[in-house]
There are 2 protein chains.
Amino acid sequence: MVNYYSATLDAVFSALGDPTRRAILARLAHGASRVTELAAPHDMSLPAISKHLRVLETAGLVRKEKDGRVIRCSLEPGPLKDAADWIAHYQRFWDGRLDALADYIERLEE
Amino acid sequence: MVNYYSATLDAVFSALGDPTRRAILARLAHGASRVTELAAPHDMSLPAISKHLRVLETAGLVRKEKDGRVIRCSLEPGPLKDAADWIAHYQRFWDGRLDALADYIERLEE
DNA sequence: ATAATAGTTAACCATTTGGTTTAATATTGG
DNA sequence: CCAATATTAAACCAAATGGTTAACTATTAT
């Protein structure tokens with residue numbers, strides 16, 4: 001059995017599969033933010049947001065820093081790059097560079 | 001509540017969150033393949049693979065064409081591009097182009 | 001000291017997910 | 001016609017997911 005397993009990609013792509021979590025990341029792209037602020041736009045309880053944040057944190061997409069009773073959340077882009085890199089392997093399928101596709105296939109055969 | 005919802009991104013990222021499905025896509029990048037062929041490398045029953053294929057198909061990542069009793073599956077790259085485009089919004093966070101970040105923030109303020 | 005604020009934890013629930021096995025449906029070959 | 005092949009469908013199961021409310025912890029303010 002071929003092993004394409006990557007716990008990182010599992011966690012990152014799964015985390016991105018939820019609209020609330022993508023919205024949180026979009027919000028964090030504007031700058032770090034506390035939990036309550038992140039929760040505000042969502043029609044959802046605070047514990048629910050807390051859970052989403054843990055999912056993002058586990059995936060390495062968000063870092064939390066405790067400052068007094070406030071927790072400051074910030075975007076951690078590394079895993080997003082991993083995801084982008086994975087997808088980039090397929091870019092040749094949509095960007096019309098069929099020469100690159102040919103190169104790729106050729107290299108595979110060797 | 002801000003609406004960042006995208007059913008497409010939900011489906012695509014969720015689909016990519018499973019290693020078996022990523023492996024299937026990687027296999028399809030080498031060319032179209034029938035279901036049994038796709039199942040072969042995996043230590044998993046055929047119905048399980050069939051389900052994974054439906055997930056991929058629902059996400060628009062795989063197309064199935066029935067040819068006799070064989071079903072030919074092929075890679076459908078469109079949704080991958082959607083996913084890549086979404087992630088690309090965050091590229092400025094890891095590629096060191098902080099000028100682009102400044103531009104982006106500025107445009108947001110307007 | 002007490003109350004308010006920020007956030008998490010715990011317990012619970014319904015639904016989804018990812019797998020199984022067994023049965024069914026087409027299609028092809030002898 | 002009958003058997004084999006390719007695949008899906010159905011029924012089932014355990015675990016994970018995404019949400020809730022209520023209770024708890026820690027910190028700040030009065």
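Letters A, B, ... are given to chains in the order of the sequence lines, protein chains preceding strands, and every chain is numbered from 1.
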Whole-Å distance between [N] [atom2] and [X] [atom1]?
X: A:R54; N: C:dA10; atom1: CZ; atom2: C1'; value: 11 Å
X: A:L38; N: C:dT8; atom1: CG; atom2: P; value: 10 Å
X: A:H42; N: D:dT20; atom1: NE2; atom2: P; value: 12 Å
X: A:I49; N: C:dT9; atom1: CD1; atom2: C1'; value: 17 Å
X: A:R34; N: C:dA6; atom1: CZ; atom2: C1'; value: 8 Å
X: B:H52; N: C:dT17; atom1: NE2; atom2: P; value: 12 Å
X: B:L56; N: C:dG18; atom1: CG; atom2: P; value: 10 Å
X: A:F13; N: C:dT17; atom1: CZ; atom2: C1'; value: 19 Å

> Which part of the nucleic acid does A:R21 contact within heavy-atom distance under 4.0 Å: base, sugar-phosphate only, or nothing?
Replying inline: sugar-phosphate
> With a non-hydrogen cut-off below 4.0 angstrom, is B:L46 in contact with a base, only sugar-phosphate, or nothing?
Replying inline: base
With respect to the side chain of [X], which nucleotide from [options] is positioned closest?
X: A:P47; options: C:dA10, C:dA6, D:dA4; answer: C:dA10
X: B:T20; options: D:dT27, D:dA4, C:dG19; answer: C:dG19
X: B:I71; options: D:dT20, D:dA6, D:dT8; answer: D:dT8
X: B:K51; options: C:dG19, C:dA6, C:dT9; answer: C:dG19
X: B:R69; options: D:dT8, C:dT28, C:dT9; answer: C:dT28

> Any idea how B:F13 and A:F13 line up, ring-wise: parallel (<30°), tilted (30 to 60°), or perpendicular (>60°)?
Replying inline: parallel
Quick one: is [N] close enough that its OP1 or OP2 comes under 4.0 Å of any side-chain N or O from [X]?
X: B:R72; N: D:dA6; result: no
X: A:K64; N: C:dT8; result: yes
X: B:S45; N: C:dG19; result: no

> Do B:R63 and B:E76 sit within salt-bridge range, that is, some charged N less than 4.0 Å from a carboxylate O?
Replying inline: yes
> Is the shortest distance from a Lys or Arg side-chain nitrogen in B:D18 or B:R22 to a carboxylate oxygen in the other one below 4.0 Å?
Replying inline: no
> So, for A:L61 and A:P79, which heavy atoms are closest and what is the spacing to 0.1 Å?
Replying inline: CD2-CB, 3.9 Å
>> Does A:Y90 form a side chain to side chain contact (heavy atoms under 4.5 Å, CB included) with A:D95? I'd like the steps, not just the answer.
In response: CA-CA 9 Å; A:Y90 297 84; A:D95 70 357; over 6 Å; no
>> With nearest nucleotide decided by heavy atoms, which residue, A:V35 or B:V70, maps closer to the 5′ end of DNA chain C?
In response: A:V35
